[in-house]
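Please read the structure below before turning to the comments.
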Amino acid sequence: MNELLRMRMGSVCLRSEMMVTTEPGCYSTSLVSVNVALAFIDAVIAILAFYQLMRIQSRNPQRGWTRQKVFHLMIGSSNAGYGIYFILTLVAACKNWICWSNSCGFVVMALPKILFLAAFLLLLSFWVDLCHQANDEDEDEGFPGEPLLEKVNKPNLKVRSRRRCCNIRIFPVGSRQQVVILVTLLIFVIMLASAVLIWIGLGKNPIDSSVVARVYVDTFAVAMLLLGGALACYGYVLVSKMRKVRSERTSSEMWKVAGLAIVSVICFTASSVVAFFTNIPVLYHCDWRSTGGIYASLLLILYYFIGSSVPSAFVLWIMRELPPSMAISVPEETRTLAFVSEYPTTTPPQHWTTIATAQNQASRASPI
């Protein structure tokens, strides 16, 4: 098994050695151009995310941290990390940083991917909440409208008591969101442990740094595949429920959910395939000066641009609408199905309340 992983680890590097460039510099011209382009794209996405976050905050500073703000922060941080990674990759190649080809490059490569995974896990948790909440009400009452409102609108005394002791106002964290936090922390710990093993593997011991990195990348690729499949399944469930209701707003939200599910499946599958069959995710481990060629450049685009930049940009596009300014007279708030934008309203909910929106009076203490 170790020999197979070593062979896979060296496949891209050996292939790159056959494409040595005589031009001065570190990377070949094609790879330098791709890295600069990817860094620019991720920087633009990060700037847009942070700019939109500031606009949302200035619009309703009283609301604290909402789900929309959390998504913008996580996506902006993830893409900023990718931009830093691409720039440091070029700098490390030219400066011949020894640490970069081992644990340092691994950590900088892994951190943005963890934030990216956490953002979409959080989105999945909201979809799961809505699906199970709607199904429970259908089984209990057989009517998808008012019972859910009664259940959701009940104030949670424990949550309120905890909020009184904390000045930081965030959206209510449910059990599934807590699982997302724990999973993210677990992946972060595994990443740090892998970085330590990679560093230890530099000495005279049986630990192979390349095998450790390869195992981590393959495991992460499996997680991305599972996440894409879960988003597709729950997206299909939500869309099938929303199709039963005829309204302009519901139709708009339905296409957002369907589009996000489709984009996630395609992009996550493409990046996972690249991770399984190539060493593009750990290209920092190869000989920088001998790496080049159109082949590696296309794989970089497929793995990073299609695998992360496109889904991030799509989520930002879905969340582009700003929430209305907070009014004192507004008694309730509503959440859209995709849980990516929030709109206060003073009108009663329509028949599609169970699937399209869920009102929460308790959120006034710590609105989402």
What is the distance from atom [atom1] of [X] to atom [atom2] of [Y], rounded to the nearest 0.5 Å?
X    : Y    : atom1 : atom2 : answer
F50  : S77  : CZ    : OG    : 4.0 Å
N79  : I84  : CG    : CD1   : 11.0 Å
L123 : I318 : CG    : CD1   : 8.0 Å
E253 : K256 : CD    : NZ    : 4.5 Å
I198 : Y216 : CD1   : OH    : 9.5 Å
I306 : Y303 : CD1   : OH    : 13.5 Å

What closest approach, in Å, do [X] and [Y] show between heavy atoms, and which atom pair accounts for it?
X    : Y    : result
A80  : A46  : N-CB, 3.7 Å
S309 : D42  : OG-OD1, 2.9 Å
G105 : Y85  : O-CE1, 4.0 Å
W127 : L231 : CZ3-O, 3.5 Å
M74  : A119 : CE-N, 3.3 Å
A221 : A275 : CB-CB, 3.8 Å

Are [X] and [Y] close enough that some pair of their side-chain heavy atoms sits under 4.5 Å apart?
X    : Y    : value
L225 : T269 : yes
F116 : M224 : yes
I56  : Y51  : no
Y234 : V257 : no
W65  : L73  : yes

Please report the C-alpha distance between F126 and F71 in whole Å, then the side-chain angles of each, then the deciding distance to 0.1 Å, and finally whether the side chain to side chain contact (heavy atoms under 4.5 Å, CB included) criterion is met.
CA-CA 12 Å; F126 295 146; F71 273 112; 3.7 Å; yes
Answer yes if [X] and [Y] sit in the same cluster of Ile, Leu, Val, Met, Phe, Trp and Tyr residues linked by side chain heavy atoms under 4.5 Å apart, and no otherwise.
X    : Y    : result
L115 : L192 : no
V180 : L227 : yes
V263 : I266 : no
I45  : I47  : no
L124 : Y236 : no

Give a yes or no answer on whether the side chain of [X] reaches the backbone of [Y] with a donor-acceptor pair at less than 3.5 Å.
X    : Y    : answer
S240 : V237 : yes
S78  : P112 : yes
Q177 : L122 : no
S58  : R55  : yes
S271 : G307 : no
R320 : W317 : yes
Q52  : L316 : no

Residues L38, Y82; criterion side chain to side chain contact (heavy atoms under 4.5 Å, CB included); working and verdict
CA-CA 8 Å; L38 291 175; Y82 277 125; over 6 Å; no
Does the gap between the ring centers of F86 and F40 come in under 6.0 Å?
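For F86 and F40, the ring centres are not under 6.0 Å apart.
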Could you tell me if the ring centre of F268 sits under 6.0 Å from that of F120?
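That pair passes the under 6.0 Å test.
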Under 3.5 Å, is there a donor on one side chain and an acceptor on the other for N35 and T89?
no
Please state whether the rings of W100 and W97 are parallel, tilted or perpendicular, taking 30° and 60° as the class boundaries.
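The rings of W100 and W97 stand perpendicular, inter-plane angle above 60°.
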Residues I200, N205; criterion side chain to side chain contact (heavy atoms under 4.5 Å, CB included); working and verdict:
CA-CA 8 Å; I200 296 175; N205 50 69; 3.8 Å; yes
Cation-pi check, K113 onto F188 ring (under 6.0 Å, within 45° of axis):
no
Partner residues of C99 under the disulfide (SG to SG under 2.5 Å) criterion, sequence neighbours left out
C104
Worked check of side chain to side chain contact (heavy atoms under 4.5 Å, CB included) between F305 and L300
CA-CA 8 Å; F305 178 72; L300 278 173; over 6 Å; no
